[in-house]
> 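Encoded as structure tokens, here's the structure I'll be asking about.
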Amino acid sequence: MIRAVNLTKRFGPLLAVDRISFEVERGGVVGVLGPNGAGKTTTIRILTCFQPATSGSASIAGFDVINDSMEVRRRVGYLPESTPLYPEMRVREYLDFRGRLRAMSHADRRDAIRRVADRCWLGDFIDRPINQLSKGMKQRVGLADAIMHSPEVVILDEPTIGLDPRQIRETRNLIRELGEHHTILLCTHILPEVEQTCSRTIILAAGRIVASGSPQQLRDQLSAKARVVAEVQGPEEGEVKTSAAQIDGVQSVEVSSSNGWIRVAIQPKPDRDVREELFRLTTAKGWTLRELRREGATLEDFFIQVVAKQQGQQEGQPVLDTQGGDHA
Amino acid sequence: MHNIVTMARRELGAYFLSPIAYAVAAVFLFSTGLAFGLGTFRNGAESSLRPLFEFWVVMILVFVLPMLTMRLLSEEFRAGTIETLMTLPISEVEVVLGKFFGAFVFYLVLLATLLLYPILMSIYGPLDVQLLICNYLGLLLLGALYIAAGLFFSACTNHQIIAVLLSFALLALMTFAAEGLAQQVEGWPRAVLQHLSVRMHFANFVRGMLEVNHLVFFLTTCGAFLFLTVKRLEMRRWQ
């Protein structure tokens with residue numbers, strides 16, 4: 001549905017997007033994740049025909065963004081980052097204006113406005129001027145505009161910014177629902193958003209793709225790194241540390257004390273789980289054990305790791321991909 | 001065509017919803033009214049609208065029309081709405097023409113108010129309808145040129161103030177200064193400056209003369225500014 005091949009965008013000396021290639025299948029929500037300035041918005045602007053790439057090509061539904069720009073624009077609904085709207089218009093007028101420019105008939109526009117007003121909760125302020133709306137309301141107007149013509153592809157740039165927690169949850173549900181019938185590219189730097197809504201994630205940093213895969217796949221790459229954490233009471237820190245380090249499969253041990261309890265954090269060797277051994281150790285020694293758990297890696301850990309790595313080494317190959325297991 | 005009408009309707013709607021347009025209309029009505037009341041409509045004055053149309057209205061338009069056109073594109077750039085607009089299936093040409101006609105229709109409303117003066121004059125003497133039509137044709141062409149030039153400068157900057165100042169400068173130069181400057185130089189620069197002198201071309205319409213070359217001047221210059229606006233808009237995408 002969406003296809004990018006070696007996309008590159010330069011702004012003078014600044015390389016905003018550096019040879020990005022990816023492909024998105026029909027249906028589902030694909031998250032584009034990255035720190036600020038990673039090239040997310042630039043990539044999206046190329047896909048929506050707003051800015052041409054310096055080199056490389058992109059197509060949506062088989063239409064090239066340069067040569068068949070109008071066909072692409074007909075098939076895309078786009079919510080830009082700052083949700084630009086015409087402040088003097090009323091919400092209904094605005095949606096009607098946008099529908100006209102999308103060549104929708106009068107009846108289609110009327111039905112579509114009713115439908116999106118319902119889906120994006122515009123009911124209360126559909127006849128109010130846009131300059132009287134709060135940031136969250138404007139955001140919903142922008143979202144309604146992006147989906148009113150039932151586009152094949154919906155591209156959303158930071159759609160939940162400025163919404164209150166309840167609206168954020170509702171918007172994420174809406175995005176998930178939309179993903180059943182449309183292909184959605186969701187650009188964000190909010191990790192839980194990706195974990196909750198996306199079937200696949202592309203992580204950008206410094207203009208390049210540093211990882212891609214489902215949130216689960218990305219987490220799995222780190223799960224080998226999950227730590228085992230225990231809290232024990234009784235002996236001294238040094239004794240705990242040496243005893244724990246002797247367990248088979250332990251790579252490194254950190255201990256710290258607080259309120260008379262010693263916290264042991266064990267980094268096992270890859271694909272090893274040392275919880276049972278640790279439990280046996282505590283019972284054999286007669287220590288009191290009040291907590292024993294495996295600390296799974298989160299997408300956030302993964303994100304911070306790959307982004308930090310990319311920023312540390314601007315040159316060279318992508319740090320990670322889902323096929324390669326070499327992420328040490 | 002459909003898109004041009006939609007764009008033009010939106011621009012026209014934006015005028016009637018914004019205080020600037022009312023302020024501009026008020027300035028236009030007040031200043032033309034002043035020129036008519038003090039200059040033309042008094043005892044002993046020649047029963048002619050020529051001074052009003054030939055000088056006063058033109059001068060007022062040089063200042064009023066850039067205020068109408070300044071927001072057309074620069075406002076879209078500043079607010080970022082250009083991004084939502086240019087990702088719709090609409091071409092640069094349609095956007096530019098739509099905005100041009102939106103402003104032009106508002107200008108027609110302003111021009112219609114000027115009809116009050118010939119009506120007042122007709123109470124005191126017969127009205128030369130043919131001359132009036134010729135004057136109005138000239139004003140339509142003049143306004144089209146001014147709006148196209150203002151639209152071009154609006155496409156050049158995100159700042160409405162810069163757009164309006166550049167438009168003032170160019171229009172004042174073309175309208176009032178070109179003739180005088182032409183006297184200072186020789187050879188081809190003189191010919192160019194004389195040809196660009198808007199007042200020289202416009203004067204013929206005020207005198208009731210319809211000549212093709214003056215018609216062509218207005219249409220081509222207006223077209224050239226619209227063409228440059230389209231190119232400017234296309235260029236922005238590559239920056």
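Not measured: the values here are computed from a predicted model. Chain letters run A, B, ... following the sequence lines, proteins first and then strands; every chain starts at 1.
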> Quick one: which of B:E75, B:H2, B:R9, B:M7 has the most heavy-atom pairs under 4.5 Å with chain A, could you say?
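Of the options given, most contacts go to B:R9.
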> Which region of A:R10, side chain (C-beta onward) or backbone (N, CA, C, O), has a non-hydrogen atom less than 4.5 Å from a non-hydrogen atom of chain B, or is it both or neither?
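Contact with chain B is absent: no heavy atom of A:R10 under 4.5 Å.
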> Among B:L88, B:L85, B:T6, B:V5, who wins on heavy-atom pairs under 4.5 Å with chain A?
B:L88
> Would you mind checking which part of A:L85 comes under 4.5 Å of any heavy atom in chain B, side chain (CB onward), backbone (N, CA, C, O), both or neither?
backbone
> Taking 4.0 angstrom as the limit, do A:R102 and A:D145 come out as a salt bridge?
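So A:R102 pairs with A:D145 through a salt bridge.
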> List the residues meeting side chain to side chain contact (heavy atoms under 4.5 Å, CB included) with B:N135, not counting sequence neighbours, and say none if there are none.
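So B:N135 forms a side chain to side chain contact (heavy atoms under 4.5 Å, CB included) with B:F53, B:L131, B:V206.
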> Is any side-chain heavy atom of A:W121 less than 4.5 Å from a side-chain heavy atom of A:Q167?
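No, too far: nothing below the 4.5 Å cut-off.
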> Between A:Y86 and A:E93, do the side chains contain a donor N or O and an acceptor N or O under 3.5 Å apart?
no
> Give the intermediate values and the outcome of side chain to side chain contact (heavy atoms under 4.5 Å, CB included) for residues B:E234 and B:V96.
CA-CA 11 Å; B:E234 283 173 358; B:V96 168; over 6 Å; no
> Distance-only criterion, 3.5 Å: show the donor-acceptor pairs between side-chain atoms of residues 137-149 of chain B and protein atoms not counting sequence neighbours.
| residue | atom | partner | partner atom | Å |
| --- | --- | --- | --- | --- |
| B:Y146 | OH | B:T175 | OG1 | 2.7 |

> Provide the full list of salt bridge (Lys or Arg N to Asp or Glu O under 4.0 Å) pairs with a residue in residues 88-117 of chain B, sequence neighbours left out, each pair given once.
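Sorted result for residues 88-117 of chain B: B:E11-B:K99, B:E76-B:K99, B:E92-B:R237.
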> Output yes when A:R114 and A:D118 qualify as a salt bridge under the 4.0 Å nitrogen-oxygen rule, no when they do not.
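Salt bridge between A:R114 and A:D118, a charged N being under 4.0 Å from a carboxylate O: no.
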> Out of A:P52, A:A146, A:P80, which one racks up the most heavy-atom pairs below 4.5 Å with chain B?
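Ranked by heavy-atom pairs under 4.5 Å with chain B, first place is A:P52.
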> Using only non-hydrogen atoms and a strict under-4.5 angstrom cutoff, which residues of residues 12-23 of chain B touch chain A?
B:A14, B:L17
